Amino acid sequence: MTPLLDVRNLHKSFDVSGPMGGRRLKLRAVDGVSFTLERGETLGVVGESGCGKSTTGRLIMRLIEPDSGEIFFEGQDILKLSPRKFRPLRREIQMIFQDPYSSLSPRMRIGEIIGEPLKIHGLAQGDAIRKEVVELLQKVGLGEEHYERFPHEFSGGQRQRIGIARALAVRPKLIIADEPVSALDLSIQAQVVNLMQDLQEEFGLTYLFIAHDLSVIEHISDRVAVMYLGRIVELADAEELYRAPRHPYTEALLNAVPVPDPHHRRPRRLLKGEIPSPIFPPPGCHFHPRCPYARDVCKEVNPPLEDKGGKHYAACHFSNEVGKFRHSEKK
Amino acid sequence: MPPLLSVSNLQTYFFTSRGIVKAIRGIDFSIEEGKTLALVGESGCGKSMTALSILRLVPPPGRIVEGEIRFAGDDLLHIPEEEMRRIRGNQISMVFQEPMTSLNPVFRIGDQIGEVLRVHRGLEKSKALEASIELLKQVGIPSPERRVREYPHQLSGGMRQRVVIAMALACDPKVLIADEPTTALDVTIQAQIMELLKKLQEERGMATLLITHDLGVVAESADHVAIMNSGLIMEYAPVTTVYSAPVHPYTQGLLGCIPRLGEKRQRLMPVGSQGRTLADLPPGSSFLDACPEPFAPRRGQIPPLREVSAGHFVRMWS
């Protein structure tokens with residue numbers, strides 16, 4: 001069966017001005033990204049600021065157009081479709097945004113916000129809209145009494161629920177969630193994560209879940225893609241990735257996550273230096289200047305993303321050595 | 001020996017046009033030299049306001065209405081502003097969440113660190129610059145001689161936070177208040193900054209008040225933990241006790257909703273409440289009202305902090 005989403009060799013760069021203005025420089029935000037997403041699956045995309053994870057999500061939504069590459073949705077290359085032909089597909093792919101404060105129009109009532117996509121896509125009219133919206137509100141843990149209210153009357157967690165209801169309104173197949181819980185408090189975060197998992201089960205949704213928080217990603221995802229400076233450096237089953245990372249960057253990320261258990265404090269092995277500028281990425285493997293495993297070949301040859309066995313993909317020349325610096329697991 | 005810093009019955013209220021918001025409703029804690037106390041809680045629980053109260057920097061219409069803050073023998077709430085200014089940034093200093101808001105974009109790094117030394121230590125400009133370079137070196141900034149001449153926008157987020165830490169440490173403070181020092185940073189940088197803070201604390205024997213919502217960071221760096229909710233401490237104990245034997249339902253709830261790496265559980269267990277703001281609160285705390293018997297208010301009275309075992313305090317009736 002064809003996967004729901006098949007992304008092939010996606011590239012996108014942005015023009016930025018140099019330090020003195022004037023000269024145009026290229027910022028390669030997404031640099032050859034490929035992955036597939038099966039129906040009903042959750043793929044987590046994780047990485048630090050500027051790794052291209054949000055740009056990837058926006059490219060799939062066609063909020064921005066890629067420089068090159070293909071995006072197949074149910075076997076159809078959506079980049080070849082004219083805007084008019086693409087419009088019905090927009091219904092199938094919806095997005096949940098990070099900031100529940102800026103993603104809802106402050107002048108619209110909750111009922112209008114959630115009902116608008118129904119109207120635009122011609123899925124319901126008149127009284128049917130209200131009925132549908134109330135049903136959606138209940139699905140996300142709100143109620144009819146919230147219909148006439150404005151966004152400012154809600155807390156961050158409730159607003160995120162409204163954002164989810166709006167995305168769900170048009171019965172999408174794929175939801176791209178860009179840091180949907182990063183702005184929320186811990187207890188609210190847990191509620192929203194649980195809600196997203198319940199809805200996935202009920203509606204058979206497929207998620208592309210973008211986040212910087214490795215623990216949230218591991219919790220919600222079936223598979224995880226780790227990005228670094230515009231490239232996917234590792235892609236594997238979530239538990240497998242945690243248990244036996246095959247890319248040094250993944251290993252470093254896992255080591256950096258503080259463990260919520262004071263009985264197991266350990267000396268930490270930290271990644272040196274900072275993320276290089278995506279305008280002037282290091283040659284060869286982008287990670288080599290910070291990599292404890294790096295050798296000469298890493299400075300020149302960019303390792304391809306390869307299957308290292310059992311659909312565990314990693315882009316590293318020395319992936320079989322990775323794991324040496326992993327902090328011991330607690331037990 | 002008395003603790004270096006102790007806070008008792010601190011109450012800070014905001015007198016808004018829509019009524020009084022009780023941001024801090026009576027909290028007590030103390031910190032000893034070289035130790036770290038973590039204040040943990042969610043948005044609006046009053047943890048940052050506690051820090052600002054200690055420094056007497058509560059913004060209007062807020063006011064400290066009650067309480068005592070003792071630091072090295074002085075009652076900070078009853079000394080003249082003049083004297084407070086000598087303590088602030090000198091003996092008690094603070095690192096904020098967003099480094100860009102604590103740095104002035106139009107001054108060079110060296111001038112900003114140097115200012116602290118000129119004001120509090122009376123150093124001359126050239127000496128202050130030398131000292132700034134030394135401080136930048138201590139906080140792990142490469143080529144500090146060049147960096148002192150740069151402006152904040154030329155640095156990355158992690159580097160800026162190092163500069164802010166250098167500023168806070170310039171006068172060898174006895175107490176460092178770190179308010180979400182790593183929240184705005186990427187995870188690998190976050191780990192570097194926490195490690196740096198720990199190293200500096202050990203070298204200098206500072207007491208640290210760490211304000212955070214991240215229970216992972218707490219587990220790795222605190223000695224004691226105070227769990228806060230709606231302006232009150234709910235539970236206070238040594239860090240290992242809080243994680244292994246939490247008593248209060250709020251503490252248990254918080255610990256139940258952290259996704260833990262390598263433990264792919266089916267379900268997170270969220271704490272109740274839809275994250276209401278303090279202004280919606282009925283008199284008494286909403287979270288406590290929803291709590292089971294020994295933790296819930298009785299006749300409008302909030303339960304006291306009770307010592308359930310040595311050094312372990314829980315807000316509950318006996």
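Chain A is the first sequence line, chain B the second, and so forth, proteins listed ahead of strands; every chain is numbered from 1. Because the structure is a prediction, the values reported are computed rather than measured.
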Tell me whether the count of non-hydrogen atoms from other residues, nucleotides or ligands lying under 6.0 Å of [atom1] in [X] goes above 12.
X	atom1	answer
A/K272	NZ	no
A/E145	CD	yes
B/K198	NZ	yes

Throw together a table of side-chain donor-acceptor distances under 3.5 angstrom for residues 238-247 of chain B, partners on residues two or more places apart or in other chains.
residue : atom : partner : partner atom : Å
B/Y243  : OH   : B/L215  : O            : 2.5
B/Y243  : OH   : B/A219  : N            : 3.3
B/S244  : OG   : B/T240  : O            : 2.8

Atom [atom1] of [X] and atom [atom2] of [Y]: how far apart are they, to the nearest 0.5 Å?
X	Y	atom1	atom2	answer
A/S187	B/I258	OG	CD1	12.0 Å
B/R260	A/D261	CZ	CG	7.0 Å
B/L261	A/L241	CG	CG	10.0 Å
B/T188	A/R290	OG1	CZ	4.5 Å
A/Q189	B/E42	CD	CD	10.0 Å

Between B/G216, B/A222, B/G140, the one whose heavy-atom pairs under 4.5 Å with chain A are most numerous: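 The option with the most such pairs is B/G216.
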Between A/V257, A/D213, A/I275, the one whose heavy-atom pairs under 4.5 Å with chain B are most numerous: A/V257
Top of A/S215, A/A256, A/P262 for chain B proximity - count of heavy-atom pairs under 4.5 angstrom: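 Among the listed options, the one with the most contacts to chain B is A/P262.
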For B/R315, all residues meeting side-chain hydrogen bond (donor to acceptor under 3.5 Å, both in side chains), sequence neighbours excluded: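 Listed in chain order: nothing, the list is empty.
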Residues of residues 145-161 of chain B with any heavy atom under 4.5 Å of a heavy atom in chain A: B/S156, B/G158, B/M159
Nearest non-hydrogen partners of A/G273 and B/I189, listed with the distance: O-CD1, 4.1 Å
B/D186 versus A/E48, closest heavy-atom pair with distance: CB-OE2, 3.0 Å
Residue part contacting chain B, namely of A/V193, when any heavy atom lies under 4.5 Å: side chain
Proximal component of A/L184, with respect to chain B [non-hydrogen, under 4.5 Å]: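 No part of A/L184 comes within 4.5 Å of chain B.
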Ring pair (Phe, Tyr, Trp, His ring centres under 6.0 Å) involving A/H286 - partner list, sequence neighbours excluded: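 Partners of A/H286 under the ring pair (Phe, Tyr, Trp, His ring centres under 6.0 Å) test: none.
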Exam field: side chain B/E220 to backbone A/V259, donor-acceptor pair closer than 3.5 Å: yes
Trace of the side-chain contact (heavy atoms from CB on, under 4.5 Å) decision for B/H213 with A/L186: CA-CA 8 Å; B/H213 67 279; A/L186 196 55; 5.7 Å; no
